[in-house]
A.B. asks: 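Sharing a structure here in structure tokens format.
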Amino acid sequence: MEQQKILISAERLQSTLEQFANFGRTENNGVTRLALSEEDRLARDYFISCCKKLGMLVEIDDMGNIYATLAGIEDKPPLVIGSHLDSVKKGGRFDGVLGVVAGLEVARALVENNVKPRIPLVVADITNEEGARFEPSMMASGVLSGKFDKATMLQKKDVDGITFKDALQSIGYVGKEQSRLKKAAAFLELHIEQGPILERESLSIGVVECVLGMVCYEITVTGESDHAGTTPMDMRKDALFAANNLINEARQKLRALDKDLVFTMGRMNVLPNIHTVIPNKVVFSLEARHKDSVVIQRVEEIIVGLTQLSANEGCDIRTEKLWDRSTVLFDDDLCNLLEKAAKTLNYSYKRMDSGAGHDAQFLASYIPTAMVFVPSINGKSHCEEELTTWEDCAKGVNVLLETVLTF
């Protein structure tokens, strides 16, 4: 007779997620739990209490990252499951916290079924993934992976002038550098998709193969201000009209480039921003994301080429590259294990990419890493309307549990 599959408790998973949502719950059933805030401290304390009930050893490193370890039979580098507990302002109940609670629930399932893992299992809460209070996002995983300088990060300030270092001290979560996650057999992160693809295709699981590469430019259009009522149209150097022409040109060329390319003009400043004055300056952002570096290179060529636009309304056009990142490919063997788990559990799934950034992309630089997505209803995220069904949450955690058992 085939042995019955070990599954997590869906009811307990729901109850735990709702308990975490109480730490910063908003009027519209969202969550505001900024990194190193009082709400974050309460969530961290609760997480640690849950882990200690399982007999897990809890350690904290110098960036406030929390690692709860369930001992294995062999003293070898652990398998790590984790994500983050911090949120954006008026965010949702699932972003980040689902990945932490997933690890906790996997540990609970192992303990209650008397399964001792061959190698240690670590459940991790990574500090300040969102960057909503202290920029940049993915701060602590960036320090762990050597992408960011620790001393610089400690001096980052919030809008009230409080440094990351002081905030970390104030909530009592300054740990030791030697406790950092240095080696691991694997890092797995469960996350809501934050997009509409899985729901649109009626799928329960996304096996994430990579985080898309991206590039961000700032485009400045400079014209001349004059009176809006007395200056003839053919004598104007209207920076906003020119910017509009640029945006239309960019949209046409970028849309024709590749069907999987996504791009956004997300920030725009118009000066002097007075209805009776012709705009003399417009500054706007243009970012694009794609898996293929060749496509990103073509995007940059198109953006730089906008300076030669003939319909520039007599204005000067300048482009400045703000930053970029390369596509991060996740470990193929781990992705195969996750896919196998989804098949074993008879869950519908697909291989997919992530357009959003996650701690996993930094940790992947020195640890074999992979991610699992579960559907976001209407693609909503970073808002109070963010919602994933409890059933899909449980399926995502069960995929991790099955992967751990196989691993």
A.B. asks: State whether Glu224 and Lys237 are salt-bridged, where the test is any N-O pair (Lys NZ or Arg NE/NH1/NH2 against Asp/Glu carboxylate O) under 4.0 Å.
C.D. replies: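 Here Glu224 pairs with Lys237 in a salt bridge, since their nearest N and O are under 4.0 Å apart.
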A.B. asks: Distance-only, no hydrogens or angles: does the Gln361 side chain make a donor-acceptor pair with backbone N or O of Val328 under 3.5 Å?
C.D. replies: no
A.B. asks: Just by distance, with hydrogens left out, do Glu384 and Asn29 show a side-chain donor and acceptor under 3.5 Å apart?
C.D. replies: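 No pair is found: no donor N or O on one side chain lies under 3.5 Å from an acceptor on the other.
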A.B. asks: Sort and list the pairs that fulfil ring-ring contact (aromatic ring centres under 6.0 Å, His included) and have at least one residue in residues 104-152, not counting sequence neighbours.
C.D. replies: Phe134-Phe164, Phe148-Phe362
A.B. asks: Under 3.5 Å, is there a donor-acceptor pair linking the side chains of Tyr173 and Asp45?
C.D. replies: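 A donor-acceptor contact under 3.5 Å links the two side chains.
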A.B. asks: Has the side chain of Arg236 got a donor or acceptor atom that lies under 3.5 Å from a matching backbone atom of Ala228?
C.D. replies: yes
A.B. asks: If we only count heavy atoms from C-beta on, is the Asn280 to Pro272 side-chain gap below 4.5 Å?
C.D. replies: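 The answer is yes; the side chains approach within 4.5 Å.
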A.B. asks: Tell me yes or no: between the side chains of Arg44 and Thr127, is some donor less than 3.5 Å from an acceptor?
C.D. replies: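 Yes - a donor-acceptor pair under 3.5 Å links their side chains.
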A.B. asks: Which residue pairs pass the ring-ring contact (aromatic ring centres under 6.0 Å, His included) test when at least one of the two sits in residues 370-407, sequence neighbours left out?
C.D. replies: Phe94-Trp390, His358-Phe373
A.B. asks: I need the Asn336 CG to Thr406 OG1 distance, nearest 0.5 Å.
C.D. replies: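 One finds 12.5 Å between CG of Asn336 and OG1 of Thr406.
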A.B. asks: Judged by modelled atom types alone, do Thr222 and Asp316 share a side-chain donor-acceptor pair under 3.5 Å?
C.D. replies: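 Short answer, no.
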A.B. asks: Is the side chain of Glu193 donor-acceptor paired with the backbone N or O of Leu198 at a distance under 3.5 Å, no angle test?
C.D. replies: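 Yes: the side chain of Glu193 pairs with the backbone of Leu198.
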A.B. asks: How about Tyr349 and Glu339: does a side-chain donor come under 3.5 Å of a side-chain acceptor?
C.D. replies: yes
A.B. asks: Could you verify whether a donor N or O on one side chain and an acceptor N or O on the other, from Gln155 and Thr163, lie under 3.5 Å apart?
C.D. replies: no
A.B. asks: Near Gln178 CD, under 6.0 Å, is it more than 12 heavy atoms from other residues, nucleotides or ligands?
C.D. replies: yes
A.B. asks: Would you say the side chains of Glu130 and Ser137 form a donor-acceptor pair under 3.5 Å?
C.D. replies: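 There is no such pair between these side chains.
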A.B. asks: Determine whether the side chains of Glu391 and Thr389 contain a donor N or O and an acceptor N or O closer than 3.5 Å.
C.D. replies: no
A.B. asks: For Asp260 and His290, test the side chains for any donor-to-acceptor distance below 3.5 angstrom and give the result as yes or no.
C.D. replies: no
A.B. asks: Which heavy-atom pair separates Ala370 from Leu338 by the least distance, and what is that distance?
C.D. replies: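 That would be CB-CD1, 3.6 Å.
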A.B. asks: Quiz question: by atom type and distance under 3.5 Å, do the side chains of Asn22 and Arg25 form a donor-acceptor pair?
C.D. replies: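 The answer is yes; a qualifying pair exists.
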